[in-house]
Amino acid sequence: MIVVTTPTGDIGHQLVENLLENGAAVRVIVRDPSRLSDSIRNRVEIVSGSHADANVVNQAFEGADAVFWLVPADSKADSVTAAYVDFSKPAAEALKACGVKRVVSVSALGRATPLANQAGYVTASLAMDDLIAATGVNFRALTMPSFIDNTLMQAAVIKAQGAFFSPIDGDLKLPSCATRDIAAVASRLLLDETWTGQEEVAVLGRENISFNDMADIMSDVLGRPIRFQQIPLDAYKARFLQFGYSEAMAQGMTDMADAKNRGLDLGVARSADNTTPTSFRQWCETTLRPAILD
C-alpha cells in the first residue's frame, strides 16, 4: 500500500496515475474527494482531510508500506517553518507509530551550499527533511530546482504582454525540471521495495537554461516575440503581498529567489542519474503552447 498526499496537485495526480498503471495499491489523503477524477476515485482508497491532522495521517498510514510526502502551499502561514516543519510534525509521529517502511518527499536543492540557511522556502523544506529523517524511516528526499511548470503562473501575462518576469539574472543558467519527470522519479522509488537508508535524490531536468534562453525558445514555439524582464526583489515581494501572501511567506519567496540568483541550485553536479528527459522546448510544445494559443 502506497499513500499519496496532494493527489490532485501538479505532481500528485501524475504520480497516482503512474502508480495505478503499474498495478500498485494506492491510498490518497485529500481534502476534497470530488476533485479526484472519476477514473482515479474508483481505483484508490480515500482518506478525507488534511495531512497536517494527526488523526488523518494515522488513519492513512496504518498498514501502509510507503508514503509520498508533499507539503501543500500555504501562502498565509505565520512563517516558513510553520508551513513546512510544523505542518509535518503529526506525520513524523504517525510514520513511527504506524511502522511505515519508506518515504519519498518533495524537497529542494541547496543543502550543500552556503546559502542553505538563507533561502526561505528551501531552508524550511530542508528542515522538514531533517524532521522526517529523524524518525529513522528509509527516506529519499527528491531535491529539485524550480519547476518548468511554474511558467504557467505567468501564462496570462505572456499572452497579453509577450513578457515574463523574475528577480533572477536573465543570463544565469540554472537547472529546471518538469513535474512529469518528478512524478516519474517518485513512482520509480515508491514501486521499488529494495532500497534502504536515507539519501537526497536530485532531479535536475534536461539542461541548465537561463530565462533569456527560455524567452528565445518561447518565441520560436509560440511564433511571436517573448521577452524576459528581471525585476527588483522588493517589487517581487510586493507582488506576493498583493496576491494575499502573509508578510513571512512573501519574504520566504523573496529569500528563495535571492538565494537561487546567488547559486543555490548549482550545488549538485549534473550526471546521467540526475538528468531527466523533459527539455524546456519539449515542455513549451506540449504544455505552454496549448495554454497560450488554444
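No experiment lies behind these values; they were computed from the predicted model shown.
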Participant: Cut-off 3.5 Å, side chains only: do T278 and D181 have a donor facing an acceptor?
Facilitator: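 There is such a pair (donor and acceptor under 3.5 Å, judged by atom type) between the side chains of T278 and D181.
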Participant: Strictly by ring pair (Phe, Tyr, Trp, His ring centres under 6.0 Å), give each pair with a member in residues 35-77 just once, sequence neighbours left out.
Facilitator: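 Those involving residues 35-77 are H51-W69, H51-F87.
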Participant: Can you tell me if S79 uses its side chain to pair, donor with acceptor, with the backbone of A82 under 3.5 Å?
Facilitator: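 Present.
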Participant: Are D192 and T194 close enough that a side-chain donor and a side-chain acceptor fall under 3.5 Å?
Facilitator: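 Checked: D192/T194 side chains pair up, N/O donor to acceptor below 3.5 Å.
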Participant: Between D171 and N212, does any side-chain donor sit less than 3.5 Å from a side-chain acceptor?
Facilitator: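 Side-chain D/A pair, D171 to N212: present.
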Participant: For L204, is there any backbone N or O sitting under 3.5 Å from a side-chain donor or acceptor partner on N274?
Facilitator: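 Side chain of N274 to backbone of L204, a donor-acceptor pair under 3.5 Å: no, none is there.
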Participant: Would you say F240 and Y84 are hydrophobically clustered, going by side-chain heavy atoms of ILVMFWY under 4.5 Å?
Facilitator: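 Yes, one cluster joins them.
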Participant: Around atom CZ of R224, are there more than 12 heavy atoms from other residues, nucleotides or ligands closer than 6.0 Å?
Facilitator: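 Atom CZ in R224 is packed in, count exceeds 12.
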Participant: Taking ring-ring contact (aromatic ring centres under 6.0 Å, His included) as the test, write out the residues that go with F228, two or more places apart.
Facilitator: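 Residues passing ring-ring contact (aromatic ring centres under 6.0 Å, His included) with F228: F164, F211.
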Participant: So, R41 side chain and P33 main chain: donor-acceptor pair closer than 3.5 Å or not?
Facilitator: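 Here the side-chain-to-backbone pair exists.
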Participant: Hydrogens and angles aside, do N117 and T123 bring a side-chain donor and acceptor to less than 3.5 Å of each other?
Facilitator: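 No, T123 and N117 have no side-chain donor paired with an acceptor closer than 3.5 Å.
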Participant: Just verifying a value: how many Å separate R289 CZ and C284 SG, rounded to the nearest 0.5 Å?
Facilitator: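 Here the interatomic distance stands at 11.0 Å.
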Participant: Start with the C-alpha distance between L174 and I209, add both sets of side-chain angles, then the distance that settles side-chain contact (heavy atoms from CB on, under 4.5 Å), and finish with yes or no.
Facilitator: CA-CA 5 Å; L174 295 172; I209 186 170; over 6 Å; no
Participant: So for atom CG, which belongs to N150, do other residues, nucleotides or ligands contribute more than 12 heavy atoms lying within a distance under 6.0 Å?
Facilitator: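 More than 12 heavy atoms, drawn from other residues, nucleotides or ligands, come within 6.0 Å of this atom.
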Participant: Output yes when D265 and K173 qualify as a salt bridge under the 4.0 Å nitrogen-oxygen rule, no when they do not.
Facilitator: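 K173 and D265: not salt-bridged.
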Participant: So does D234 pair up with K237, basic N to acidic O under 4.0 Å?
Facilitator: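 Salt bridge between D234 and K237, a charged N being under 4.0 Å from a carboxylate O: no.
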Participant: Would you please test V80 and M249 for side-chain contact (heavy atoms from CB on, under 4.5 Å) and show each step?
Facilitator: CA-CA 6 Å; V80 290; M249 297 307 278; 3.9 Å; yes
Participant: Are side-chain heavy atoms of L19 and E17 found at a separation under 4.5 Å?
Facilitator: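 Contact flag for L19/E17 side chains = no.
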Participant: Looking at side-chain heavy atoms only, is the closest gap between S279 and Q282 below 4.5 Å?
Facilitator: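 They are in side-chain contact.
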Participant: Answer yes if the side chains of S37 and S39 hold a donor-acceptor pair under 3.5 Å, and no otherwise.
Facilitator: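 Yes, a side-chain donor-acceptor pair sits under 3.5 Å.
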Participant: From I148 CD1 over to S176 OG, what is the distance, rounded to the nearest 0.5 angstrom?
Facilitator: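 Rounded to the nearest 0.5 Å, the CD1-OG separation comes to 4.5 Å.
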Participant: Output the distance between atom OG (S48) and atom CZ (R31), rounded to the nearest 0.5 Å.
Facilitator: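 S48 atom OG to R31 atom CZ measures 11.5 Å (nearest 0.5 Å).
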Participant: Between Q154 (side chain only) and F165 (backbone N and O only), is there a donor and an acceptor less than 3.5 Å apart?
Facilitator: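 Side chain of Q154 to backbone of F165: a pair is present.
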Participant: Answer yes or no: is there a side-chain heavy-atom contact under 4.5 Å between M253 and Y245?
Facilitator: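 Result yes, sub-4.5 Å side-chain heavy-atom pair found.
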Participant: Heavy-atom distance under 4.5 Å between the side chains of E207 and F280, does that happen here?
Facilitator: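 Side chain of E207 against side chain of F280, heavy atoms only: contact under 4.5 Å found.
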Participant: Rounded to the nearest 0.5 Å, how far does CG of L109 lie from OG1 of T143?
Facilitator: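 Spacing of OG1 (T143) from CG (L109) equals 4.5 Å.
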Participant: So does A257 get a backbone contact from the side chain of N261, meaning a donor-acceptor N/O pair under 3.5 Å?
Facilitator: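 No; zero donor-acceptor contacts below 3.5 Å.
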Participant: Is any side-chain heavy atom of L241 closer than 4.5 Å to one of E247?
Facilitator: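 Contact flag for E247/L241 side chains = yes.
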Participant: For the residue pair T151 and I158, establish whether any side-chain heavy-atom pair is separated by less than 4.5 Å.
Facilitator: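 Sidechains of I158 and T151: in contact.
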Participant: How long is the span from the CG atom in L152 to the CD1 atom in I292, to the nearest 0.5 Å?
Facilitator: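 Here the rounded value is 7.5 Å.
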Participant: Please determine, by modelled atom types, if T113 and R262 share a side-chain donor-acceptor pair under 3.5 angstrom.
Facilitator: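 R262 and T113 do not have a side-chain donor-acceptor pair below 3.5 Å.
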Participant: So, D86 and K89, do they make that salt bridge, N to O below 4.0 Å?
Facilitator: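 A salt bridge links D86 with K89.
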Participant: Please tell me whether I231 and M256 are part of a single hydrophobic cluster in this structure, the criterion being side-chain heavy atoms less than 4.5 Å apart.
Facilitator: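 Per the 4.5 Å side-chain linkage, I231 and M256 are co-clustered.
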Participant: So, T286 and R180: side-chain donor and acceptor under 3.5 Å apart, yes or no?
Facilitator: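 Distance-only check passes for T286 and R180.
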Participant: Quick check on the hydrophobic clustering: are V104 and V3 connected, directly or via other members, by side-chain heavy-atom contacts under 4.5 Å?
Facilitator: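 Per the 4.5 Å side-chain linkage, V104 and V3 are not co-clustered.
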Participant: Please walk me through it: do L126 and D129 pass side-chain contact (heavy atoms from CB on, under 4.5 Å)?
Facilitator: CA-CA 5 Å; L126 298 177; D129 293 343; 4.1 Å; yes
Participant: Would the distance check show the side chain of N18 and the main-chain N or O of L15 forming a donor-acceptor pair, the cut-off being under 3.5 Å?
Facilitator: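 A pair under 3.5 Å: no.
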Participant: Mind checking whether D255 and Y121 have side chains closer than 4.5 Å, heavy atoms only?
Facilitator: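 The answer is no; the side chains never approach within 4.5 Å.
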Participant: Answer yes if the side chains of D216 and S219 hold a donor-acceptor pair under 3.5 Å, and no otherwise.
Facilitator: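 Looking only at side-chain atoms, S219 and D216 do not form any donor-acceptor pair under 3.5 Å.
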Participant: Rounded at 0.5 Å granularity, tell me how far CG in L189 sits from CZ in R140.
Facilitator: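 Going from CG on L189 over to CZ on R140, the span is 7.0 Å.
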Participant: Within the 3.5 Å criterion, strictly below it, is a donor on Q14 or D10 matched to an acceptor on the partner's side chain?
Facilitator: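 No, because no side-chain N or O of Q14 sits under 3.5 Å from a partner of the opposite role on D10.
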Participant: M1 versus E45: any side-chain heavy-atom pair under 4.5 Å?
Facilitator: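 When only atoms from C-beta onward are counted, E45 and M1 do touch, with a gap below 4.5 Å.
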